[in-house]
Amino acid sequence: MRMVDLIHKKRSGEVLSEQEIIYIVNGYTKGDIPDYQMSALLMAIYFNGMTSGEISALTMAMAESGEMIDLSGIAGIKVDKHSTGGVGDKISLIVGPIVASLGVPVAKMSGRGLGHTGGTVDKLESIPGFRIELSKEDFIAAVNTNKIAIVGQSGNLAPADKKMYALRDVTATVDSIPLIASSIMSKKIASGADAIVLDVKIGSGAFMKTVEDARVLARTMVDIGLKLNRHTIAMITDMEQPLGREIGNANEIRESIEVLRGTGDKELTEVAVSVAAYMALLGKVFGSFEEAQEAVRDIVRNGKALDTFKRFVASQGGDPNVVDRPELLPTAGYHVEVTAEREGYVNRIDAEQIGIAAMLLGAGRAKKEDPIDYGVGLTLNKKIGDAVKAGESICTVHANRQDVAEVIAMIRGAYGIEDGQPAPVKLIYDVIV
């Protein structure tokens, strides 16, 4: 088998066999296939696409290129959840304790944030003492005891994907549905879950900009899951504006606690309840989505989800007192109000620009090695549809430096205030099963 022949085959629009795909993935991971040949193949895939069989074979080959996590020591159906990324997306922090409280084990590996998107691991590390690294034995024991553990991704999880993504990033082949879908699903398959709920974001703060593109990606990933014997559901949800009202690591922990207490942002709560209900449905503890949804609301109302969150934090070395005493979380030294320059209604909030503004404060990373300031961030005092008066605060900047003029200018540019009130934001566009 020669790589040049396989490049020619794909360039001609032919279908690669499973054996050929395994040869490509293994050869590239080991360094036997050079970057220039892999770049040519990626471009051929970009233009000619892949069949569902090819995508599944690519996903499995990338998953098997490194460590395959064995979760058989955990009782029950292990349900994972993945978001395609966004601003203010703290859904994992909320749904994990809820689903665990319903008896469905959540054994989750999460990543760090990069660019304008936040990372679950960074948010958890803002809790004093919280450990995101556990041995495999401690990880399994924590899930069996509390039904939940969230740790950082293994360094040897789908290394082929890591290497291929870096190449895609510099060859303009990132935005290919087969390559996006196989990249996401390879890590989920390698993580060992039995079932997966995917939260595909669309809008200004997301990679997918239209509902149509999001549907294609969602359908592709659901089909991969089904072909590889993982029951998978995909939700298409809004990221036209940030999710919830808090952006920043400790800020988002505080807001997650509010939702688990039943007093959180209504839009954030609605999305979290739906994601949790689908996870519980895949965990086979309920017969219908409606039944699962009502149980999710009950578990929040009776306080059990918040109790599970406390136990989860304590089991990984974190201080559970942050739940009742949020002042124990890192806080910023300066708080600056960004005011509206005119009266009207908020018609637009560019989520990506808001995410970049938070990153400039130190809440995120421009490069992988950048440090994180857990206490800084933004509070959105006005969101799409809200009425605002001239001089009224639309956003509070939480900073550890006094000069935030660039951040304020970026926030003002992200907000669009018009005379007419816009239509209500649609939070969930579709569910693909």
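Every value quoted in this text rests on a predicted model; they were computed, and no experiment measured them.
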Q: Classify the side-chain pair Thr339/Arg412 by whether it contains a donor and acceptor separated by less than 3.5 Å.
A: yes

**Q.** pair Asp213-Leu217: side-chain heavy atoms closer than 4.5 Å
**A.** no

Q. Which pairs pass ring-ring contact (aromatic ring centres under 6.0 Å, His included) with one or both residues in residues 250-273, sequence neighbours excluded?
A. none

Q. With Gln421, which residues qualify under side chain to side chain contact (heavy atoms under 4.5 Å, CB included), at least two apart?
A. Tyr345

Q | Donor-acceptor pair between Ser101 and Thr308 side chains, under 3.5 angstrom | A | yes

Q: Could you please spell out the steps behind the side chain to side chain contact (heavy atoms under 4.5 Å, CB included) verdict for Asp324 and Arg261?
A: CA-CA 10 Å; Asp324 301 309; Arg261 189 173 275 124; 3.7 Å; yes

Q: Scan side-chain atoms only and decide if Lys201 and Ser83 contain a donor-acceptor pair under the 3.5 Å cut-off.
A: no

Q. Is the backbone of Arg245 close enough, under 3.5 Å, to the side chain of Glu255 for a donor and an acceptor to pair up by distance?
A. yes

Q: Decide yes or no on side chain to side chain contact (heavy atoms under 4.5 Å, CB included) for Thr237 and Ile428, but give the supporting numbers first.
A: CA-CA 4 Å; Thr237 66; Ile428 301 171; 4.1 Å; yes

**Q.** Short side-chain to backbone donor-acceptor contact, Asn146 and Ile148, under 3.5 Å
**A.** no

Q: Taking the side chain as every heavy atom from C-beta outward, state whether Ile236 and Ile202 have any pair of such atoms under 4.5 Å apart.
A: yes

Q: Would you sort out whether Lys162 and Gln153 count as a side chain to side chain contact (heavy atoms under 4.5 Å, CB included), showing the intermediate values?
A: CA-CA 12 Å; Lys162 195 175 297 182; Gln153 284 181 354; over 6 Å; no

Q.
Salt bridge check, Arg301 against Asp298: does any charged N sit closer than 4.0 Å to a carboxylate O?
A. yes

**Q.** Minimum-distance pair of heavy atoms, taken over all atoms of Val259 and Asp265
**A.** CG2-N, 4.4 Å

**Q.** Under the side chain to side chain contact (heavy atoms under 4.5 Å, CB included) test, residues paired with His398 that sit two or more places apart
**A.** Asn251, Ala332, His335, Thr379, Thr396

(Q) Out of the candidates Leu93, Ile150, Asp122, Asp80, only one should pair with Ser110 under the side chain to side chain contact (heavy atoms under 4.5 Å, CB included) rule; please name it. (A) Ile150

Q: Evaluate the side-chain proximity of Leu167 to Ser39: yes if any heavy-atom separation is below 4.5 Å, no if none is.
A: yes

**Q.** Under 3.5 Å donor-acceptor, Tyr165 side chain and Ser183 backbone
**A.** no

